[in-house]
Amino acid sequence: MNLLQPINSFNRQWVIKNRRLVESRPEILDEIQQAWRSLELNELFKGGLLNEFISPTDAIHIIQALSEADVAIAYYLLSDLHKLFLQAQLSSLLPDAAVMPFEHFSFLVDSTTSGDTIMCRREENGVRVEHYRSGRQEQKKYMGFRGIPFIKRSGVENSETLEVISLSNYQDYLKQIGLLYQALYAGLLKAAIHYACQYAQERHAFGRPIIKLQAISQKLAHMAIVQETTAASLFNNVKHIETVGFEEIIASLELFIKDGDFVLQEAVQTLGGHGYLEDHPVEKWMRDGQILKAILLETKTAIQNTL
Amino acid sequence: MTIKNDWLQGLREEAFMFAKGFLRPHAHTADCTGNIPNEVLAHPFANVLSKAYVPRRYGGGIPKLNSDEKVECSSQLSIALTEELAWGDPGITCGLPGPSLTFPVLLEFGNEDQRERYFGLFREKQNVWGAFAITESHCGTDATSLTTKATAVDGGFLLNGTKCFVTNGTRADYVIVFATVDRSQKQFGLRSFIVDANTPGFKIGSVEKMMGLRGSGICEIVLDDCFVPNHNLLQGNNNKPHIAGFLAASAAWHFFRIEVSAICVGIARAIYDELKGNCGITLPDLARDIQIGRSLCQKAAALHDQREPANYEIAVAKAYNAQLALSACTRGIEILGAPSLIENHLFSRLFRASKVFNILEGSGEIQREHITHSLVSH
């Protein structure tokens with residue numbers, strides 16, 4: 001996976017360095033985004049996960065690796081991918097705008113200066129893709145993903161239909177979006193375990209590293225099992241992306257929703273009081289994990305609504 | 001011994017009205033600023049609470065409803081109060097004025113002069129805070145490893161070291177500080193001192209930036225050649241001065257672990273009530289779990305009040321209730337979805353706060369160690 005080399009260097013240089021700073025100084029996101037775009041990795045996602053540039057497994061590895069450094073920044077940067085994934089299903093060109101993958105999606109990232117929105121709306125004869133030029137906008141602050149500019153769009157003024165796409169095309173798009181979010185969560189879980197393990201080896205209590213205490217080592221093992229099983233479920237689906245059914249995608253989303261919390265909350269627990277402080281990223285990941293879980297839940301509901 | 005239900009019910013209702021009318025509405029402000037709003041501190045019930053833990057003979061106790069008579073505070077009364085207050089806001093509950101963890105230590109290990117001086121503060125002034133400083137950056141429950149040094153000098157001790165996670169440290173009038181006279185003696189080298197906050201060499205370090213519970217004024221305390229006179233050393237009944245420090249720490253933890261369990265029940269109940277009252281969603285299994293959690297607390301508190309060994313019951317109550325609070329919050333968020341993730345939403349605030357109760361005063365893992373240990377030694 002030589003593609004991970006630029007990602008790893010980018011993670012160290014920009015993401016890991018700034019992941020906490022973004023919460024108080026969101027303006028540095030622009031700098032990070034420019035650096036990310038200069039890697040030109042977005043090009044590899046033209047046409048979605050099924051294209052001639054990169055295998056789906058490698059694509060998911062890239063997303064996972066980016067999220068491993070920081071899930072909030074990864075979510076922000078990958079808002080570009082929404083457009084690329086949606087473009088794969090559309091014949092018309094899309095202007096630079098934020099994409100709302102389905103109606104009632106709550107976590108729309110404002111990555112554009114125009115403030116325009118592309119929204120997918122389910123109808124009887126397919127899915128209407130609409131372009132909103134304006135409408136009421138409201139900045140939202142969540143307990144996780146702090147610093148990421150979330151906006152709430154409401155109002156239907158100046159909307160224009162770009163295209164009506166078939167339900168099956170829309171389902172393909174949702175399937176890929178579902179995998180994208182799972183990859184973000186998989187990276188988050190991996191990062192949390194890695195951080196907790198490292199801390200458990202360094203921190204001493206009762207005269208030995210705490211990883212030698214049975215209660216801690218058993219828990220870390222359990223966390224690792226959860227992380228491996230969720231990742232296995234994700235990559236099984238990615239490997240068979242062309243034939244995988246919606247039931248499998250939904251089952252995989254449910255696995256992340258059910259078990260992910262455990263890993264993130266126990267990572268904080270492993271660090272004890274230090275985990276609760278802003279000095280370490282695990283408390284941030286625990287908060288971010290709640291947002292991402294809600295995104296997975298909304299994606300699952302959206303997929304179920306098309307069936 | 002059990003407390004009569006009518007008396008307890010009256011007290012619960014009064015505490016609930018205070019929590020509903022003052023703690024809940026000011027919770028967001030406390031979360032943002034880290035301070036307890038003046039409206040809360042000025043309320044007469046806050047004054048009652050600050051004296052509740054002080055023994056009656058030093059001017060404390062809980063006034064009976066519609067009567068001048070006062071009742072001595074017990075663990076059973078205390079958990080009833082704490083559950084109601086935590087329903088309003090766990091952060092402010094931890095930050096309200098009162099002797100807090102210093103109460104059992106002063107009571108058990110202070111001499112008459114020390115008790116009169118420090119419990120007397122609550123009689124004389126309004127809004128007095130006591131704080132308890134044992135944890136250091138490298139050791140929490142493993143108190144035998146602490147490095148804050150107490151050096152004997154003429155007329156007292158010089159304290160040097162840094163304490164962290166001191167609840168109400170930012171606003172404390174006095175702090176009970178644990179230090180070692182000789183680290184190689186482990187628990188036998190541990191001593192506890194009462195340190196006035198205005199003592200030279202006593203400084204407030206950084207105020208901890210935490211995920212939640214921000215109203216509780218948790219901070220670092222730096223002791224730099226801080227002189228403490230001999231009469232502020234807590235020695236217990238003098239029969240076993242070499243172990244008094246360690247026993248004092250254990251007494252405080254036993255007392256406060258039951259309190260923490262009650263806070264967790266209050267958090268879970270806040271989630272349940274919000275879902276039921278404002279969203280029309282009833283969760284019978286959560287109601288069942290809350291009742292279980294409350295029973296575990298009451299069992300531990302009753303044993304504690306009777307001065308019976310309660311290690312096992314306290315550990316079970318804390319381990320169970322800490323998980324209960326967090327899982328109730330997680331569930332509430334799953335049900336309400338995105339709106340409950342907004343920064344100032346009740347569920348978001350309770351979720352952030354609830355995690356800490358599985359960490360402080362002995363983490364969940366330590367409680368499980370205690371449970372196994374008790375099972376083996378029974």
Side-chain angles (χ1 to χ4, degrees), chain A residues 20 23-24 104-108 140-146 150 152 202-208 210 213-219 257-258 260-262 264-266 268-280 282-295 297-298 301, chain B residues 31 135-145 164-165 186 206 208-214 218 220 322-323 326-327 329-331 333-345 347-369 371-372:
Chain A
R20 184 60 84 175
E23 294 200 313
S24 52
H104 313 303
F105 185 63
S106 308
F107 302 95
L108 186 60
K140 288 182 119 183
K141 281 187 179 172
Y142 292 104
M143 75 162 156
F145 284 16
R146 279 187 196 148
F150 283 108
K152 184 185 177 186
E202 289 163 7
R203 172 71 190 243
H204 283 64
F206 305 104
R208 53 196 157 153
I210 61 170
L213 301 172
Q214 278 194 344
I216 302 286
S217 63
Q218 290 278 319
K219 187 171 63 185
I257 292 164
K258 181 169 75 70
D261 272 348
F262 169 77
L264 301 173
Q265 291 172 5
E266 291 305 321
V268 174
Q269 186 72 26
T270 307
L271 270 74
H274 291 281
Y276 199 67
L277 297 182
E278 291 185 5
D279 301 359
H280 295 271
V282 282
E283 67 86 26
K284 177 182 185 300
W285 292 336
M286 182 175 149
R287 287 185 282 113
D288 291 347
Q290 284 298 305
I291 312 287
L292 196 53
K293 191 173 81 170
I295 292 173
L297 273 164
E298 289 197 351
T301 312
Chain B
D31 190 49
T135 305
E136 293 174 12
S137 177
H138 68 286
C139 69
T141 314
D142 182 11
T144 57
S145 304
C164 61
F165 299 114
K186 300 240 167 197
S206 61
E208 312 286 14
K209 285 187 175 175
M210 303 192 300
M211 171 157 61
L213 213 72
R214 297 186 193 139
I218 294 182
E220 266 186 357
Q323 293 284 6
L326 187 56
S327 64
C329 295
T330 312
R331 200 149 163 219
I333 286 175
E334 274 175 20
I335 292 170
L336 282 198
S340 66
L341 293 165
I342 301 287
E343 189 87 68
N344 60 359
H345 191 276
F347 285 11
S348 145
R349 199 167 52 243
L350 291 178
F351 172 80
R352 288 186 284 110
S354 61
K355 179 63 197 161
V356 81
F357 298 109
N358 204 19
I359 297 171
L360 56 73
E361 309 310 334
S363 64
E365 289 79 11
I366 294 289
Q367 302 312 318
R368 284 169 183 80
E369 290 279 332
I371 293 167
T372 334

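Just so we're on the same page: letters track the sequence lines, and every chain starts at 1. Only heavy atoms go into these numbers, but all of them, side chains included; no hydrogens, no water, no symmetry mates.
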Interatomic spacing from [atom1] in [X] to [atom2] in [Y] - rounded to 0.5 Å:
| X | Y | atom1 | atom2 | answer |
| --- | --- | --- | --- | --- |
| A/Lys141 | B/Ser348 | NZ | OG | 13.0 Å |
| A/Met143 | B/His345 | CE | NE2 | 10.5 Å |
| A/Phe206 | B/Cys139 | CZ | SG | 9.5 Å |
| A/Tyr276 | B/Leu360 | OH | CG | 8.5 Å |
| B/His138 | A/Glu202 | NE2 | CD | 15.5 Å |
| A/Asp261 | B/Ile333 | CG | CD1 | 9.0 Å |

Please classify the contact between A/Glu298 and chain B as side chain, backbone, both or neither, with a heavy-atom cut-off of under 4.5 Å.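 Contact with chain B: side chain only.
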Chain B contact via A/Leu297 - which portion, at a heavy-atom distance below 4.5 Å: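 Only the side chain of A/Leu297 comes within 4.5 Å of chain B.
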Do other residues, nucleotides or ligands put more than 12 heavy atoms under 6.0 Å from A/Gln218 CD?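 No, CD of A/Gln218 has 12 or fewer neighbouring heavy atoms, counting only those of other groups under 6.0 Å.
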Around atom NE2 of A/His104, are there more than 12 heavy atoms from other residues, nucleotides or ligands closer than 6.0 Å?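 Open.
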side-chain contact (heavy atoms from CB on, under 4.5 Å) partners for B/Gln323, two or more places apart: A/Glu266, B/Asn358, B/Arg368
[X] versus chain A, heavy atoms under 4.5 Å apart: side chain, backbone, both or neither?
| X | result |
| --- | --- |
| B/Ser137 | both |
| B/Arg352 | both |
| B/Ile366 | side chain |
| B/Leu341 | both |

Quick one: which of [options] has the most heavy-atom pairs under 4.5 Å with chain A, could you say?
| options | result |
| --- | --- |
| B/Ser145, B/Ser363, B/Gly212 | B/Gly212 |
| B/Cys164, B/Ala353, B/Gly364 | B/Ala353 |
| B/Met210, B/Glu369, B/Glu208, B/Lys355 | B/Lys355 |

With respect to chain B, which residue among A/Lys140, A/His274, A/Lys284 yields the maximal number of heavy-atom pairs within a distance under 4.5 Å?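 Of the options given, most contacts go to A/His274.
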Is the shortest side-chain heavy-atom distance between B/Glu365 and A/Ile210 below 4.5 Å? no
My understanding is that only residues two or more places apart in sequence, or in another chain, count here; which of them pass ring-ring contact (aromatic ring centres under 6.0 Å, His included) with A/Phe107?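 Scan of A/Phe107 (ring-ring contact (aromatic ring centres under 6.0 Å, His included), adjacent residues dropped) gives A/Tyr142.
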